[in-house]
Structures are given as structure tokens and as C-alpha cells.
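Down below is the structure, laid out as C-alpha cells.
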Number of protein chains: 2
Amino acid sequence: MTRTRTQPKPASPPIARKTGKSPDVESSPDTRARLIDAAGEEFAEHGFAKATVRDICARAGANIAAVNYHFRDKETLYLETLRHAHRYSIEHYPHHGGLKPDAPAKDKLRAFVRAFLAKMLDCKRPKWHGRLISREMTEPTPALTLLIEEGVRPQFGALCAIVRELAPSVKGDEMEACAASVIGQALHYHHCNSMIKRLYTERKDGFPFDLEFLTDHITRFSLAAFDGLERGAREKNKNRRTNNS
Amino acid sequence: MTRTRTQPKPASPPIARKTGKSPDVESSPDTRARLIDAAGEEFAEHGFAKATVRDICARAGANIAAVNYHFRDKETLYLETLRHAHRYSIEHYPHHGGLKPDAPAKDKLRAFVRAFLAKMLDCKRPKWHGRLISREMTEPTPALTLLIEEGVRPQFGALCAIVRELAPSVKGDEMEACAASVIGQALHYHHCNSMIKRLYTERKDGFPFDLEFLTDHITRFSLAAFDGLERGAREKNKNRRTNNS
DNA sequence: ATGGCCGTCAAACATCCGTTTGAATCGGAC
DNA sequence: GTCCGATTCAAACGGATGTTTGACGGCCAT
């Protein structure tokens with residue numbers, strides 16, 4: 001039980017930060033960054049439980065002990081990787097999609113849907129970000145709180161604002177359910193990706209759903225729904241007025 | 001390497017069936033059934049990888065070796081458990097919901113949505129069925145094929161038929177995307193259950209989304225969308241005709 | 001040059017988990 | 001009663017995995 005490392009307590013392992021030299025950069029940017037990258041791919045592909053530290057280190061070209069040196073343990077590495085993916089996500093895919101706040105609500109909805117789908121489906125540089133985040137939704141770990149408060153809640157709020165513009169007569173729980181309907185449509189292609197692909201394996205023309213097609217469909221479907229809901233509310237109002245008078 | 005069991009080959013382990021006495025009933029109905037039940041809860045709660053044979057046996061009140069005796073191994077137990085849940089599911093929640101084939105399409109849609117939600121959310125007897133099946137969608141195992149061919153594909157086909165009735169002008173990939181939109185809305189509350197609940201923790205009145213509310217909302221939202229899509233198609237047709245003539 | 005860190009490495013450790021084993025137990029057939 | 005197959009059991013095996021260890025080498029300030 002003799003400890004030779006710098007830390008006196010097992011509760012505060014190395015983690016190697018702030019060497020005193022580079023003030024703003026974390027130590028060993030090389031290995032540490034490569035580990036996060038490799039961990040992201042492994043975690044996204046196999047999930048937290050089945051991803052092994054050995055594979056992660058092998059992919060990163062690092063020693064097995066690297067994970068426990070740079071991060072405390074596998075779980076901390078996971079949390080840090082998730083944080084990284086999440087930061088990247090909210091930086092590169094703003095929900096307004098570059099639109100001004102006074103843009104037409106329809107355009108804002110389309111931009112939101114596109115950004116949401118892109119975040120999940122688009123296989124840009126770090127293609128594991130989406131899978132990692134959605135995995136956290138399906139089987140939450142303690143890291144879920146971070147995602148919700150910083151990512152989900154603001155985005156959901158923004159979508160609710162758009163919904164209020166498009167269907168002002170819908171209020172309360174119904175309004176939030178409408179927002180959930182939009183998100184649900186988009187997430188479906190992410191969660192059930194493997195199943196949907198399997199459903200279409202026999203088709204000669206392959207998988208027909210790309211980012212453009214899906215953005216188009218979901219926007220049109222949702223706009224049609226909002227339109228119909230508003231129309232229904234107007235008619236109900238009319239009926240009530242004629243009945244009352 | 002001496003084998004004392006009944007089977008000469010490791011490829012065909014005991015599995016204890018057809019004792020010769022009870023022709024239609026599998027042997028050891030007690031332990032075997034209890035194992036499937038316990039396995040269902042464990043697999044649903046922790047997933048295939050993290051669920052342990054030891055915990056399953058403990059929950060079933062059986063010996064550790066019971067799994068390898070009654071089923072070949074952990075994976076076969078999983079497959080058998082999934083099969084059980086799946087059979088129960090298609091038996092107890094027919095997608096037509098008891099409606100006749102000539103019922104109005106709107107009613108059929110509502111029945112479909114209700115059955116779909118109930119299958120996933122309703123906490124009837126075996127509350128782990130839904131979680132198990134949806135887990136298979138998110139991270140498929142080789143057992144996925146069974147679910148798709150026997151469960152998903154027929155249901156999806158039935159929904160497509162309803163969509164064709166409600167929005168006859170929508171065809172091809174668009175039509176299937178519409179069906180996916182309906183399913184996506186329903187599945188959302190299942191996949192993101194933990195996240196949605198967390199989003200609502202601060203609310204004084206608790207989680208507002210029960211089976212009735214969700215059935216109502218999703219049906220209304222989707223019907224409004226189909227209505228709007230049809231209306232849009234009619235207008236486009238009208239425009240084309242006036243432009244052409 | 002030297003000493004003290006920091007990062008890396010191979011090897012081992014400790015634990016957990018799926019599976020196997022061989023004996024013990026039970027129940028019915030003869 | 002005896003035998004035989006089915007079932008259960010405690011114990012152990014073998015492998016994988018997260019983690020720790022102690023040494024080695026490079027780098028910089030002294």
C-alpha cells in the first residue's frame with residue numbers, strides 16, 4: 001500500500017493538469033486529446049459497458065495506463081468525452097441555424113429541424129458525437145444532467161417559442177407535446193437507425209432518407225400539422241360564437 | 001474433458017426439453033419460467049452486456065448453473081426472453097385495436113397509436129417487455145431480425161395502409177416517411193423517457209403525459225398534418241390546372 | 001552535470017463474469 | 001428397493017477487464 005505518485009490520497013489521482021508551464025493548455029495535449037477521440041469512437045460504437053480501456057488505448061496508440069493517468073478512471077474519461085462532444089455540438093449546430101430572430105417562423109422551424117438532424121445524422125468530422133449523446137438519452141448515466149441543462153433544455157425552449165409562433169392557439173402541455181412531436185420525428189431516424197435500414201434492405205434503390213429529404217419531410221409534415229391545428233381552433237371558436245349568440 | 005451429461009457434443013447442451021412425459025409442456029416449467037421472467041427484468045434494466053447471469057439466477061431463486069442448463073448460454077437466454085416478450089406483445093396489443101377493417105381511417109389511426117403507445121408505455125404485468133424490445137432497436141443484437149420480420153414489418157405495413165387512406169395524394173418515400181413520423185412521435189416518449197421526465201421534474205403538477213393524453217395528442221397532430229398535406233396537394237393541383245389551361 | 005517532475009511503458013493485480021464440472025437430490029418406472 | 005434420467009447445487013475454471021505498480025527516459029530549472 002505504498003504510494004509513490006504525487007497524490008497522497010487515492011481520491012485525487014494524477015490527472016496531470018497545469019504543469020505550471022503552459023497556463024491555458026492542459027498537459028500532454030497529444031495523448032490526452034487522442035484518448036478522448038479514440039474513447040468517443042469506442043463508446044459511441046459499443047456503449048460504455050462494452051467499450052474496453054484496452055481498445056481505446058490501442059486505438060489512441062497509447063499505453064493501457066494512460067487512461068488512469070490522464071483521467072481518473074474509465075468513467076471520468078467517459079464523462080470528459082461526453083462533455084467534449086456536447087461542447088462541440090452546441091458550438092457547431094446552433095438551433096437558430098444562422099437565422100435572425102425576426103425571420104419567418106416557418107424558416108426558423110426548418111432551420112431548427114435541419115440543425116437537429118444534422119447534429120445527429122450528419123457524419124462530419126467526429127461522427128461519434130451524435131451517437132454518444134443519444135446513447136445518453138436512452139440509458140442515462142450520471143452525466144445526463146450536464147446534457148439536459150446545457151443542451152436539451154435551451155433547445156427545447158427555443159423550439160417551443162417557434163411552436164408558439166406557428167400555432168398560437170395551442171397552449172400548455174399541448175404546446176410542449178407539439179414540440180416533442182417535432183423532436184420525436186427527427187430523433188426517430190437516429191434511435192431506430194439500424195432498424196429502419198434493415199426495413200429497407202430489400203429495396204433496389206437503397207436507403208432513401210438523407211438529410212435534405214428528412215429536413216424537407218419533417219418540416220412540411222409539422223407545418224401541415226400546425227396549420228391544421230390552427231384551422232381546427234378557428235372553427236371551434238366560430239362554432240362556439242355562433243352557438244353562444 | 002470427460003462429458004457426463006446426456007449430450008455427446010458441446011454444440012448441443014442439455015436444454016432439457018421433452019422429458020418424454022409431458023408432450024406439450026417444456027420441462028421444469030417452474031425454474032425455466034422464473035428464469036425468463038427474471039432475465040427479462042435484468043436485461044431490460046441493465047441491457048444485455050451489464051446484466052449478469054448471477055443476478056438473474058439470484059432474482060429467479062435458482063442456481064448459477066441453471067441458465068446454462070435450461071438454455072445453452074446467456075445469449076440464448078436473451079433470445080428466448082426476447083421471443084417471449086415479443087409473442088406476448090403481438091398477442092395482447094393487435095395494431096387494429098379490435099377495430100373492423102372497414103372502420104373509418106381516423107379511428108384506425110387512433111387505435112393504432114393507442115396500441116403502439118400502450119405496448120411501450122403501459123405498465124401492465126410484465127413491465128419490462130417494452131424496454132426490452134426498444135433496447136433491441138437502439139442497440140441491435142442478432143435477435144433483431146426476429147423482431148423486424150414478425151413485429152415491425154407487419155405493423156409498419158398496417159400503418160402505411162392507414163396513411164394511404166388518410167392522405168392518398170402522398171406516395172412513395174414520402175408516404176413511408178409519414179408513417180415514420182407517426183411512429184417517431186410515439187416512440188419518442190419511450191426512448192427519451194428518462195430525459196423527458198427530468199425535463200419536467202421542477203413542475204409542480206408532475207409529469208403530464210399519460211397514455212390517454214399522448215394518444216389524443218399524437219392522433220390529433222398527425223390527422224392535422226395529413227389534412228394539411230392533402231389540402232396542399234389539392235391547391236397545387238388547382239394551380240397547375242389553372243396555369244396549364 | 002544533477003535533481004525533480006512529467007509522461008510512458010510493460011507487467012502484474014484484483015475482480016468480475018460466463019461457463020463447466022462432478023457430485024447430490026429428487027421422482028417415477030420397473 | 002433399485003435404477004435411471006432429470007434437475008439442482010456448490011465449487012472452481014478460464015478469460016476478460018479496470019486498475020495499480022514500479023521502473024525508465026526525457027525535459028527543464030538549478
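Residue numbers start from 1 in every chain, and the chains themselves are labelled A, B, ... in the order their sequence lines are given, proteins ahead of strands. Bear in mind that the values here come from a model prediction, so they are computed numbers and not experimental data.
With respect to B:Arg114 and B:Glu212, a salt bridge is recorded, a charged nitrogen being found less than 4.0 Å from a carboxylate O. Taking a cutoff of 4.0 Å between a charged side-chain nitrogen and a carboxylate oxygen, B:Asp37 and B:Arg59 do not qualify as a salt bridge.
Atom P of nucleotide C:dC9 and atom CG of A:Leu35 are separated by 11 Å, given to the nearest angstrom. The distance between atom OH of B:Tyr78 and atom P of C:dT19, rounded to the nearest whole Å, is 15 Å. As a whole-Å value, the separation of B:Phe71 CZ from C:dG18 C1' is 15 Å. Taking atom NE2 on B:His46 and atom C1' on C:dC16, their separation rounds to 15 Å, with Å as the unit. Rounded to an integer number of Å, the gap from OH of A:Tyr69 to C1' of D:dG25 is 13 Å.
Closest non-hydrogen pair, B:Ala66 versus B:Thr31, comes out as CB-CG2, 4.5 Å.
Contact annotation: B:His70 reaches the phosphate of D:dT8 (side-chain N/O to OP1 or OP2, under 4.0 Å). Residue A:Asn63 places at least one side-chain N or O under 4.0 Å from the OP1 or OP2 atom of C:dA10.
Note on ring orientation: taking the six-membered ring where Trp is involved, the planes of A:Tyr88 and A:His92 are parallel (angle under 30°, cut-offs 30° and 60°).
Residues forming a side chain to side chain contact (heavy atoms under 4.5 Å, CB included) with B:Glu150 (at least two apart in sequence, or on another chain): B:His86, B:Leu146.
A cation-pi arrangement is present between B:Lys74 and B:Phe48 under the rule of less than 6.0 angstrom and at most 45 degrees off the ring axis.
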Can you tabulate the close N/O pairs, meaning under 3.5 Å, that link protein atoms to atoms of nucleotides 16-19 of chain D?
residue: D:dG18; atom: OP1; partner: A:Ala51; partner atom: O; Å: 3.2
residue: D:dG18; atom: OP1; partner: A:Lys74; partner atom: NZ; Å: 2.9
residue: D:dG18; atom: OP2; partner: A:Val53; partner atom: N; Å: 2.8
residue: D:dG18; atom: N7; partner: A:Arg54; partner atom: NH1; Å: 2.8
residue: D:dG18; atom: O6; partner: A:Arg54; partner atom: NH2; Å: 3.0
residue: D:dT19; atom: OP2; partner: A:Lys74; partner atom: N; Å: 2.9
residue: D:dT19; atom: O5'; partner: A:Asn68; partner atom: ND2; Å: 3.4

